[in-house]
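First the structure, in the form of structure tokens, and then the observations on it.
This is a predicted model, so every value here is computed, not measured. The analysis underlying the following values was restricted to heavy atoms, covering all of them including side chains, and did not include hydrogens, waters or symmetry mates.
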Amino acid sequence: MPKPRPSTFRTTGTAGTYRATDFIMASVFASVLLVATACGGAPAPAAAPPSTVQGTPSSSAASTPEATAEPSPTEEDPAPLDGGTVPDAGGADLAGNVQPAFAAKALDVLATLPIKGRAPKTGYSRAEFGQAWADVDKNGCDTRNDILDRDLTAKTFKPGTRDCLVLTGVLADPYTASTIDFVRGPNSARVQIDHVVALNDAWQKGAQQLTVERRTAFANDPLNLLAVDGPANQQKGAGDAATWLPPNKAYRCDYVARQISVKATYSLWITAAEHDAMARVLGDCSGTKVPTNQTAPAEEPAAVPPVAPVKAAPVEVAPAAPPAAPPAKPVAPLVQAPAAVFYQNCTAVRAAGAAPIRVGQPGFQAKFDRDGDGIGCE
């Protein structure tokens, strides 16, 4: 095929103008065709459909939740499990944990933590802390769903999972003081399970010296886990109290107290900067207690002093009442004896109507019975 001759175009006159324009358009079209062919593409159709990709949001739109990129699960909060199987704890157990004493003050427990430098990160990996979400409490549910069940409200569960797999719920996020709707699926990472003492931080502060079983218990211990806002958890990363604190200042005292309780339970140390940061936070809330599974000590009954015997007061006995006098015999009424009757003679007897008068009758006199027959004044 013979080479085409070099094009000659004119820059003057009407014809020359058209030729120059044709040459430029042809060159552009050839370049586009070459690029499309090299990338394996095809020429665009004459009328392309409208794009469904939104443009770059403005600064005001970017601040809305809809415009915020969905957080991804972190290394310490891997993707949720399907609930069909429960990871084996591999011998890890929480039963032997001895957490700080009941009602112990965070400042007092902080004073017991060793202060050392940070050890090298050499050898760290997530696998050093055992199977993620292992069932260390032996309740038949994986740890991630246990924490969602504990920290969410208005929960629903996947049927057939014995209420192990949480489908939806509402989180009152302690880190940001916001309310988050949790929906299992592509947006599950909006709510993440934070290791309050990060695994990486623990590795550099004593966890290297623990057994795998003990580290597995640490990574799955509810004491060290909180359901929180995903972006806030990603911002925290592996930071300790010296490098990261929750944006919600009202929660910082409880947050630091929980870190102290975890480190005391698993014999971990703190750095000097970490100690100072914790003490500074607790300075505004010195009475904050550490969370613990220890129960209040049984109250011993108060000692009761012996009671001295009480002497009975002498009882005065009333004198016995004298025996009652026998009832008096009825007394016959006194009948006044009639006055003595005296008759001077039978005339007086007859005058009194007593004649004839007999022996024994009042006023009888022998002189009235002349014939001695006992009857006088006949």
Side-chain angles (χ1 to χ4, degrees), residues 75-76 91-130 136 143 174-175 193-226 228 233 236-246 251-297:
E75 180 186 22
E76 296 193 356
D93 194 358
L94 297 179
N97 276 2
V98 179
Q99 296 181 7
F102 177 80
K105 291 184 179 180
L107 274 174
D108 294 340
V109 181
L110 174 63
T112 68
L113 299 181
I115 300 176
K116 301 181 183 180
R118 185 184 293 272
K121 188 181 174 182
T122 306
Y124 168 75
S125 73
R126 176 62 181 82
E128 293 292 338
F129 289 83
V136 294
T143 300
Y175 286 180
I193 308 302
D194 178 38
H195 287 90
V196 179
V197 174
L199 306 186
N200 196 335
D201 179 66
W203 180 260
Q204 298 178 73
K205 296 174 183 176
Q208 295 184 37
Q209 302 167 14
L210 304 178
T211 64
V212 173
E213 291 78 14
R214 188 85 171 126
R215 288 196 294 265
T216 302
F218 170 85
N220 293 277
D221 192 336
L223 178 67
N224 191 34
L225 298 172
L226 286 176
V228 298
N233 186 38
K236 170 189 172 181
D240 59 19
T243 59
W244 189 89
L245 291 170
Y251 187 69
R252 289 181 177 178
C253 290
D254 290 335
Y255 174 78
V256 166
R258 185 171 289 271
Q259 285 191 326
I260 291 171
S261 184
V262 170
K263 294 207 168 187
T265 299
Y266 287 91
S267 303
L268 305 179
W269 66 75
I270 55 177
T271 64
E274 185 179 5
H275 171 277
D276 294 347
M278 289 176 164
R280 188 163 49 251
V281 169
L282 294 173
D284 296 329
C285 48
S286 57
T288 300
K289 308 290 194 303
V290 294
T292 181
N293 62 3
Q294 300 299 301
T295 56

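- When all heavy atoms are compared, the tightest approach of D93 to A217 is O-CB, 3.9 Å.
- Scored by the side chain to side chain donor-acceptor pair (under 3.5 Å) test, R258 finds no partners at all (sequence neighbours excluded).
- Contact record, K263 with E274: NZ-OE2, 2.8 Å, taken as the closest heavy-atom pair.
- Taking both residues in full, the closest heavy atoms of G130 and T216 are given as CA-OG1, 3.3 Å, listed atom of the first, atom of the second, then distance.
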Note to self: The test is ring pair (Phe, Tyr, Trp, His ring centres under 6.0 Å); show your working for Y175 and W244 and say whether it passes.
What the structure shows: CA-CA 11 Å; Y175 286 180; W244 189 89; 5.3 Å; yes
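- A heavy-atom distance below 4.5 Å is not found between the side chains of N233 and L226.
- Listed by first then second residue, pairs satisfying side chain to side chain donor-acceptor pair (under 3.5 Å) with a partner in residues 276-296 number zero, not counting sequence neighbours.
- To the nearest 0.5 Å, the span separating CG on N220 from CG on L225 amounts to 7.0 Å.
- Between L268 and G206, the shortest heavy-atom distance links the atoms CD2-C, 3.7 Å.
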Would you tabulate the side-chain donor-acceptor contacts of residues 101-123 under 3.5 Å, counting partners in other chains and residues two or more places apart, or write 'none'?
from: T112; atom 1: OG1; to: V109; atom 2: O; distance (Å): 2.6
from: R118; atom 1: NH1; to: D201; atom 2: OD1; distance (Å): 3.4
from: R118; atom 1: NH2; to: D240; atom 2: OD2; distance (Å): 3.1

Checklist line | L245/V281 under side-chain contact (heavy atoms from CB on, under 4.5 Å): CA gap, chis, key distance, verdict | finding: CA-CA 10 Å; L245 291 170; V281 169; 3.9 Å; yes
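- For the pair F218 and A202, the tightest heavy-atom approach, listed with the atom from each and the gap, is CZ-CB, 3.5 Å.
- Contact detail for S261 and V290: the closest heavy-atom pair is CB-CB, 4.0 Å.
- Remark: Y255 engages K236, Q259 in a side chain to side chain donor-acceptor pair (under 3.5 Å) (not counting sequence neighbours).
- The distance from atom CG of N200 to atom NE2 of H195, rounded to the nearest 0.5 Å, is 12.0 Å.
- With rounding to the nearest 0.5 Å, the separation of OG in S267 from CD in Q209 is 9.5 Å.
- Judged purely by atom type and a 3.5 angstrom limit, N224 uses its side chain to pair as donor or acceptor with the backbone of V197.
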Item checked: Verdict with supporting geometry, L223 and T265, side-chain contact (heavy atoms from CB on, under 4.5 Å) -> CA-CA 10 Å; L223 178 67; T265 299; 3.8 Å; yes
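- Contact check for D221 versus V136: no side-chain heavy atoms found under the 4.5 Å cut-off.
- Side-chain atoms of P291 and V262, non-hydrogen and from C-beta on, never get closer than 4.5 Å to each other.
- The backbone N or O of I270 sits nowhere less than 3.5 Å from a side-chain atom of H275 that would complete a donor-acceptor pair.
- The CZ atom of F129 sits 6.0 Å away from the CZ atom of R215 when rounded to the nearest 0.5 Å.
- Residues satisfying the side chain to side chain donor-acceptor pair (under 3.5 Å) test with D254, not counting sequence neighbours, are none.
- Every residue was checked against the side chain to side chain donor-acceptor pair (under 3.5 Å) condition with Q99, not counting sequence neighbours, and none meets it.
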